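A short write-up of the structure that comes next.
This chain uses plain numbering: 1 for the first residue, then up along the sequence. Only a predicted model underlies this, so the values are computations on that prediction, with no experimental measurement involved.
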Amino acid sequence: WNAQFQYRFLLSGDMPDTAALNALISGSVLFGIGGDISIAKFLDFRLQPGFTFSKLYFEQNAQKTFPTNGDSTYSYEKLRTAYLELPIGFRFNMARDDADKIIFSFEIGASIGVLAGSAYKSKLIQNGKTRFQKVKKVDGVELLRYGVHAKLNYKSIGIVAYYRDRKSVV
């Protein structure tokens, strides 16, 4: 087992206009531990339990209904979530170095997570005055989330693609 840290950029929010997500500044961080169970020299079963902390920033548009309606004049809106997650996968070890360490691998798998907490923060500037709004335990955030992933790793650097099924907005 070893410590795991991943910073995840959000390249595509794939959100409806009713939740206009600003994907350029949104993202998440995973802290956890990872371990492998070797099935064969080229194949491992991988467990990586941990916490995922996400920050999602929303744009203002007329169609927006989450987290607030679009007729507001907020400077920004931010939704933070924390999930206890369990990603599992099969890692295919494609190349090894002279010391028999894996240097190139491909992984496919699935993940399930349980909501540990959520918070919403907005900033409103009106008539020269700045007001902040903070809400804990946000309605509309999924209690349970799941999805599939694919990873391409070279030594300690990797690219991960996730797809999460959404029954609600987030």
Side-chain angles (χ1 to χ4, degrees), residues 1-59 66-67 77-120 136-170:
W1 293 90
N2 52 33
Q4 299 287 313
F5 171 80
Q6 294 177 5
Y7 184 83
R8 301 172 180 170
F9 296 98
L10 188 62
L11 298 179
S12 171
D14 191 32
M15 300 287 275
D17 288 340
T18 55
L21 190 62
N22 185 336
L24 293 177
I25 58 175
S26 299
S28 62
V29 175
L30 176 129
F31 295 101
I33 57 173
D36 301 325
I37 299 170
S38 183
I39 297 172
K41 186 165 179 123
F42 66 91
L43 181 64
D44 296 328
F45 178 72
R46 186 151 176 75
L47 294 168
Q48 190 178 351
F51 279 97
T52 301
F53 301 94
S54 300
K55 285 186 181 179
L56 304 174
Y57 291 86
F58 296 90
E59 296 176 346
F66 183 87
E77 292 180 278
K78 175 174 62 174
L79 176 67
R80 294 182 303 179
T81 59
Y83 281 88
L84 176 60
E85 292 203 79
L86 178 61
I88 59 172
F90 290 97
R91 183 174 70 181
F92 299 90
N93 307 318
M94 312 294 266
R96 295 178 180 265
D97 63 9
D98 293 337
D100 208 31
K101 284 190 168 186
I102 301 164
I103 57 171
F104 184 70
S105 65
F106 175 73
E107 179 180 327
I108 56 173
S111 179
I112 188 165
V114 176
L115 183 67
S118 64
Y120 164 80
K136 293 185 178 183
K137 297 183 182 176
V138 180
D139 292 334
V141 177
E142 292 181 328
L143 178 62
L144 185 67
R145 70 178 183 179
Y146 52 91
V148 294
H149 68 267
K151 294 181 188 179
L152 189 61
N153 295 312
Y154 177 73
K155 295 187 179 180
S156 62
I157 298 172
I159 296 174
V160 182
Y162 277 93
Y163 175 78
R164 296 198 192 279
D165 187 29
R166 299 183 209 288
K167 300 228 182 301
S168 64
V169 182
V170 178

**Message:** Assess the residue pair Lys78 and Ile25 against the criterion (side chain to side chain contact (heavy atoms under 4.5 Å, CB included)); give the C-alpha distance rounded to whole Å, side-chain angles, the decisive distance to 0.1 Å, and a yes or no.
**Reply:** CA-CA 10 Å; Lys78 175 174 62 174; Ile25 58 175; over 6 Å; no
How close do [X] and [Y] get, counting heavy atoms only, and between which atoms?
X	Y	answer
Glu107	Gly89	OE2-CA, 3.9 Å
Tyr83	Arg145	CD1-CZ, 3.4 Å
Phe92	Leu43	CE2-CD1, 3.6 Å

Please name all residues satisfying ring-ring contact (aromatic ring centres under 6.0 Å, His included) with [X], sequence neighbours left out, ordered by chain then number.
X	result
Phe106	none
Phe90	Phe45
Phe51	none

If the condition is side chain to side chain contact (heavy atoms under 4.5 Å, CB included), which residues does [X] pass it with, not counting sequence neighbours?
X	value
Asn153	Ser105, Lys151
Phe42	Ala40
Asp97	Ala99, Lys101, Ile103
Asn2	Gln4

**Request:** State which residues pass side-chain hydrogen bond (donor to acceptor under 3.5 Å, both in side chains) with Tyr162; sequence neighbours excluded, sorted by chain then number.
**Result:**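 Tyr162 satisfies side-chain hydrogen bond (donor to acceptor under 3.5 Å, both in side chains) with Arg8 once adjacent residues are dropped.
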**Item:** side-chain hydrogen bond (donor to acceptor under 3.5 Å, both in side chains) involving Lys136 - partner list, sequence neighbours excluded
**Value:**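 Scan of Lys136 (side-chain hydrogen bond (donor to acceptor under 3.5 Å, both in side chains), adjacent residues dropped) gives none.
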**Asked** Do any N or O atoms from the side chain of Ser118 and from the backbone of Thr81 form a donor-acceptor pair under 3.5 angstrom?
**Response**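 Judged by distance alone, no pair lies under 3.5 Å.
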**Request:** Check salt bridge (Lys or Arg N to Asp or Glu O under 4.0 Å) between Asp36 and all other residues, then give those that pass, not counting sequence neighbours.
**Result:**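 Asp36 satisfies salt bridge (Lys or Arg N to Asp or Glu O under 4.0 Å) with Arg46, Arg91 once adjacent residues are dropped.
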**salt bridge (Lys or Arg N to Asp or Glu O under 4.0 Å) against Asp98, all qualifying residues, sequence neighbours excluded** =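 Not a single residue meets the salt bridge (Lys or Arg N to Asp or Glu O under 4.0 Å) criterion with Asp98.
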Give, for atom [atom1] of [X] and atom [atom2] of [Y], the distance between the pair rounded to the nearest 0.5 Å.
X	Y	atom1	atom2	result
Leu152	Met94	CG	CE	8.5 Å
Ser26	Lys55	OG	NZ	10.5 Å
Phe104	Asn93	CZ	CG	11.0 Å

**Asked** Given the rule in the side chain to side chain contact (heavy atoms under 4.5 Å, CB included) test, do Glu77 and Tyr120 qualify, once you have shown the distances and angles that lead to the verdict?
**Response** CA-CA 7 Å; Glu77 292 180 278; Tyr120 164 80; 2.6 Å; yes
**Message:** Could you check whether atom CD1 of Ile157 has more than 12 heavy atoms from other residues, nucleotides or ligands sitting under 6.0 Å from it?
**Reply:**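 Counting other residues, nucleotides and ligands, CD1 of Ile157 stays at 12 neighbours or fewer.
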Using atom types as modelled, flag every donor-acceptor pair under 3.5 Å from a side chain in residues 108-117 to any protein atom, sequence neighbours excluded.
from   : atom 1 : to    : atom 2 : distance (Å)
Ser111 : OG     : Glu85 : OE1    : 3.2

